[in-house]
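Below: one structure, written as structure tokens.
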Amino acid sequence: MKVFVTGGTGLVGSRLIARLRQRGDQVVVLTRRPAAARTQFADCTVVEGDPMQEGPWMDALADCDGVIHLAGENIFARRWNDAFQTLLVDSRLKSTANIVKALARNPRTPAGAGKVLVNASAIGYYGPHGDEEIDETGAPGNDFLARVCVDWEKAALAAQEHGVRVAIVRVGVVLDRGGGALAKMLTPFKLGVGGPVGSGKQWMSWVHNDDLAGIFLLALDNPAATGPLNGTAPNSLTNRDFSKALGRALGRPAFLPTPAFGLRVMLGQVAEVITTGQRVLPRRALELGYPFKYPVIELALADVLR
Ligand SMILES: NC(=O)c1ccc[n+]([C@@H]2O[C@H](COP(=O)([O-])OP(=O)(O)OC[C@H]3O[C@@H](n4cnc5c(N)ncnc54)[C@H](OP(=O)(O)O)[C@@H]3O)[C@@H](O)[C@H]2O)c1
């Protein structure tokens, strides 16, 4: 299979491309940083371009069988202001609109079948929740990130009008050795001053990056995968229980709470992402038979902290 990937240089994309290459797929990586990408992906075709802008890169989709669209400005890259929030929206919506435009020009694979688009979204789609379990049928939230996700998914689903199968992976909190949320949490824990954030009662729907890559591959391969799939492990935890598990895995104490207001002062609006949460169940992935390699936090942390 020949797969066109955007955002392939990021945390999720790097792992996913490694998995695609391992199973013998050809990968075309779209990036704004071709030199770095060529070093990172010696065995992939690297195409230079910014998915937010239409350009010659769109021709590179023509002979691909599927597209995995991950590109989007990182929500933790900067303190939020109006300009940055616009970039968070535009880097997702404009890029998705351009991907759909490129797919509309060539909606069929070289073998004549309909192409597939697997588009990233986030569990932020559901907005902050309490203890109830949420599957893919859950209603969207109404905060900034939920509205971004709703519009992002709608933009991707537009490809269906051209006969493209669209699957959307609502990504949870990704655990990986290479960075992301865990890398940020590790320092205080290693210093023995880690602990729950805010009340600690907020749910944290985590996923090991390797299982997330597996869910993206399932979405790519399985014709029954259409619409949303939650990209989370089947056993979410409250932030307090996650902190305890991390402390145990590191052999460090984990009882010093970080006050929510301090985090708000330090990080601004994005602190909400950490002080609130939702308990998400990957019902579709389970229904489609995805075998989780890291279903519980102990297994995931043992691997990630190895
Ligand atoms: N990691 C998580 O915990 C998490 C949770 C929920 C949702 N997600 C979503 O999953 C997707 C992948 O996440 P990730 O953690 O792998 O992200 P990441 O490490 O921040 O990488 C995202 C990639 O997108 C491209 N990109 C960044 N800013 C861009 C911009 N302004 N315009 C165009 N392209 C841009 C970059 O590729 P180039 O520099 O090569 O062009 C970058 O490598 C993202 O859309 C993210 O919102 C991630």
Side-chain angles (χ1 to χ4, degrees), residues 4-19 27-41 44 46-55 57 67-78 83-99 118-127 144-146 148-149 151-153 155-156 168-185 204-213 215-216 219 228-233 236 242 270 273-274 277-278 280 282 300 304:
F4 185 92
V5 182
T6 78
T9 56
L11 184 75
V12 174
S14 307
R15 174 79 74 142
L16 185 51
I17 289 175
R19 292 281 302 271
V27 179
V28 180
V29 187
L30 176 68
T31 177
R32 300 161 305 162
R33 300 173 291 137
R38 279 195 190 100
T39 312
Q40 194 179 353
F41 307 113
C44 298
V46 171
V47 172
E48 180 174 5
D50 182 345
M52 271 171 71
Q53 319 282 338
E54 287 187 49
W57 63 265
V67 176
I68 298 180
H69 178 39
L70 303 168
E73 185 70 35
N74 193 302
I75 63 167
F76 292 105
R78 260 188 268 158
F84 186 61
Q85 281 179 278
T86 303
L87 182 61
L88 290 176
V89 174
D90 286 353
S91 61
R92 290 175 171 78
L93 301 198
K94 289 187 178 169
S95 63
T96 306
N98 287 332
I99 291 286
V118 184
N119 210 86
S121 178
I123 57 169
Y125 173 92
Y126 303 107
F144 170 74
L145 284 178
V148 173
C149 291
D151 293 344
W152 193 10
E153 295 188 9
I168 288 165
V169 179
R170 294 181 179 151
V171 177
V173 179
V174 182
L175 302 185
D176 190 280
R177 230 171 296 160
L182 193 67
K184 291 193 174 71
M185 284 181 226
M204 199 177 141
S205 296
W206 59 275
V207 63
H208 189 295
N209 205 6
D210 200 47
D211 272 332
L212 182 63
I215 293 173
F216 270 96
L229 286 87
N230 290 329
T232 64
S236 302
F242 181 85
V270 76
V273 177
I274 306 164
Q278 50 287 110
V280 176
V304 168

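Note that ligands are numbered from 1 as they come in the structure, with each ligand's atoms numbered from 1 the same way. Along the sequence shown, residues are numbered consecutively beginning with 1.
Taking a cut-off of under 4.0 Å to the non-hydrogen atoms of Trp152, the atoms of ligand 1 that pass are 45 (O), 47 (O). The Ser91 neighbourhood of ligand 1 comprises atoms 30 (C), 31 (N), 32 (N), with distances under 4.0 Å to a heavy atom of that residue.
When Leu30, Ile75, Val171, Val169 are checked for heavy-atom proximity to atom 6 (C) of ligand 1, Val171 turns out nearest. The nearest non-hydrogen atom to atom 3 (O) of ligand 1, considering only Val174, Thr9, Leu16, comes from Val174. Here atom 16 (O) of ligand 1 lies nearest to Val12 when heavy atoms of Thr6, Val12, Leu175 are compared.
Counting only heavy atoms from C-beta outward, the side chains of Trp57 and Asn98 approach each other to under 4.5 Å.
Taking distance alone, with nitrogen or oxygen atoms compared against 3.5 Å, Met52 stays at or beyond that limit from ligand 1. Between Ser121 and ligand 1, no pair of N/O atoms sits closer than 3.5 Å. Considering backbone and side-chain N/O of Leu70, one or more are found under 3.5 Å from N/O of ligand 1. Distances between N or O atoms of Ala122 and those of ligand 1 include no value under 3.5 Å.
At a heavy-atom distance under 4.0 Å, only side-chain atoms of Asp50, from C-beta outward, approach ligand 1.
Between Gln40 and Ser14, the shortest heavy-atom distance links the atoms NE2-OG, 2.9 Å.
With sequence neighbours left out, His69 forms a ring-ring contact (aromatic ring centres under 6.0 Å, His included) with no residue at all.
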